[in-house]
Number of protein chains: 2
Amino acid sequence: MPAVSAARGRPTSNGAGQKRRAGRPSAAVLDKSGITAAALELASRKGYEGLTMAALAKVLDVAPSALYNHVASKQDVLLLVEDHLMSLVDVSAFAAGNWEDAVRTWAWSYRNVFAEHTPLIPVIAVLPVTDAPQTLAMYETVSKGFSDAGFPQERIVPAIVALESFIFGSAYDVTAPEDIFESGSMADATPYFTAAVRSSARDADPSGGRAEANAQELGRPADTAFRMGLEALISGLGALRGR
Amino acid sequence: MPAVSAARGRPTSNGAGQKRRAGRPSAAVLDKSGITAAALELASRKGYEGLTMAALAKVLDVAPSALYNHVASKQDVLLLVEDHLMSLVDVSAFAAGNWEDAVRTWAWSYRNVFAEHTPLIPVIAVLPVTDAPQTLAMYETVSKGFSDAGFPQERIVPAIVALESFIFGSAYDVTAPEDIFESGSMADATPYFTAAVRSSARDADPSGGRAEANAQELGRPADTAFRMGLEALISGLGALRGR
DNA sequence: TCTAATAAATGAATGACATTCATTTAGTGG
DNA sequence: CCACTAAATGAATGTCATTCATTTATTAGA
């Protein structure tokens, strides 16, 4: 009955570093959900460079090798985290509203969740949904939403994949440095591009000149590009519905 | 004059493993372009797991530490490779044809190049264009294409970024296993999704039943999704042009 | 022309990791 | 009661990228 150990207080760290002696403890210290939670917390706090098996073990107050009784590899840990994050993606709008609004809500939420976790994106690309119940649940809700909206069966998966591809790519874009497009010394050689960069930077400020804190939020270049692409996809894909 | 050493025959590997003695050699053995070429060749032949500094040094017939006289880090090597790949992206269609066709050609080419090199995608996301002349050249051509097509200045960069995000995400999708969406034992719990997956797999064969070798090429699920998303983006973004 | 600085190589550490293995202890099924 | 399995510890291992001291060659300046 793992429920007992899970319900017990202070699941990690037994306070004053009294070390556990070797051998199986009476109550199991580790389980997948604890590992997942600790990994997520660690990644959020220290970034993915800080998410090492040793650091994870330390948070959980075990020896690193103990982790391997519960996961096969570090990749496995990332899979657990990834699937957990999928449960944070907001699919609620597919229940009620119209398709356009539902896709908008879902896509923004999806991008925002993974923008903080881009190192997981390569993991997702190879992850069979069988091993990822939360991921599967998300796909089910979204698929139903597309079906209800009148999408022909055979176009549902490609349409979702196209949106997801855009979302993952856009999540990376969020992490890019603001000045990534500064051409510096080469500016003379690239007049069109340089002008375009200047002009988009100006336009990105929604306050029309009163550039303050909101320049970070509403005016983030990544948000402008995401909005533009998403609206294009919504209208273009929406046209594929059978009325 | 590095041209001399570059023009010399057998630039890598001095045949019968006679080792170079310590100290600076009369003719430089390494330079950035040689390192780039060797890294690309190694990655293509062995994959990115095989691209280690030690393996790279071996191909170039030097000690691993010698590489650090020319690049600051492995990340630096990836940057060199990445920028080189950008020169392989086909931007030629922006010179002549109409905007839609040019974007189509460019996007397919871009995706196909990076589908083989997805480990570089996280690198690109952080790479300032200043350090990447080929990348900058590509942006210049594309920007000019958008400008000539009547795009307002301030919308050019966001539109390109949106397309690029979709392209990078789609490049990952190409690498995904074909059966990634097989829900297996959970199929009962996800009827809509399962039906959609079945149906799209059937539809992916463009020969309408005569499934042969082309099922791999034209009918790849990733291609269907890419085509669908790209056409949606082209028509959606195209609408933003000022006539 | 000598000489100091710099460039470019070698080879031997270093340190961070993930992962494995032998060992110990504790439940569990027959 | 006993063999088996599960879950810990702690001590390797092996693979990496990276650094450092050292050696040799080229080059710029006096």
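Below, read A as the first sequence line, B as the second, and so on, with proteins coming before strands; counting in each chain starts at 1.
You'll find a donor-acceptor pair under 3.5 Å spanning the side chain of A/N69 and the base of D/dA8, going by distance alone.
Residues A/P133 and A/D83 have side chains in contact (heavy-atom distance under 4.5 Å, counting atoms from C-beta outward). Counting only heavy atoms from C-beta outward, the side chains of A/M86 and A/Y110 approach each other to under 4.5 Å.
Per the geometry, CG belonging to A/L67 stands 11 Å off C1' belonging to D/dA8, to the nearest Å. When the P atom of D/dT15 is taken as reference, atom CG of B/L51 falls 17 Å away, rounded to whole Å. Atom pair B/D76:CG and D/dT19:C1' shows a separation of 16 Å (rounding to whole Å applied). For the pair A/I35 CD1 and D/dA7 P, the interatomic distance rounds to 10 Å; values are reported in whole Å. The CE atom of B/M53 sits 15 Å away from the C1' atom of D/dT15 (whole-angstrom rounding). Rounded to an integer number of Å, the gap from B/K58 NZ to C/dT10 C1' is 16 Å. In this structure, B/Y68 places its OH atom 17 Å from P of C/dG11, rounding to the nearest Å. Separating the CG atom of B/D31 from the C1' atom of C/dA8 is a distance of 12 Å, rounded to the nearest angstrom.
Side-chain atoms of B/E164 and A/Y172 include no donor-acceptor pair closer than 3.5 Å.
Of the candidate nucleotides D/dA17, C/dT19, C/dT10, C/dT19 has the atom nearest to the side chain of A/S73. For B/P64, whose side chain is taken as the heavy atoms from C-beta onward, the closest listed nucleotide among D/dT18, C/dG11, D/dA8 is D/dT18. Comparing C/dT19, C/dA9, D/dT9 against the side chain of B/A66 picks out C/dA9 as the nearest. For B/A63, counting side-chain heavy atoms from C-beta on, the closest listed nucleotide (C/dC21, D/dT18, C/dT10) is C/dT10.
Using a 4.0 Å heavy-atom distance criterion, B/T52 is classed as a sugar-phosphate-only contact.
OP1 or OP2 of C/dA7 has not a single side-chain nitrogen or oxygen of B/H70 nearer than 4.0 Å.
Classified by interplanar angle (parallel below 30°, tilted 30° to 60°, perpendicular above 60°), the ring pair B/Y48/B/H117 is perpendicular.
Taking the six-membered ring for Trp, B/F146 and A/Y192 have ring centres at least 6.0 Å apart.
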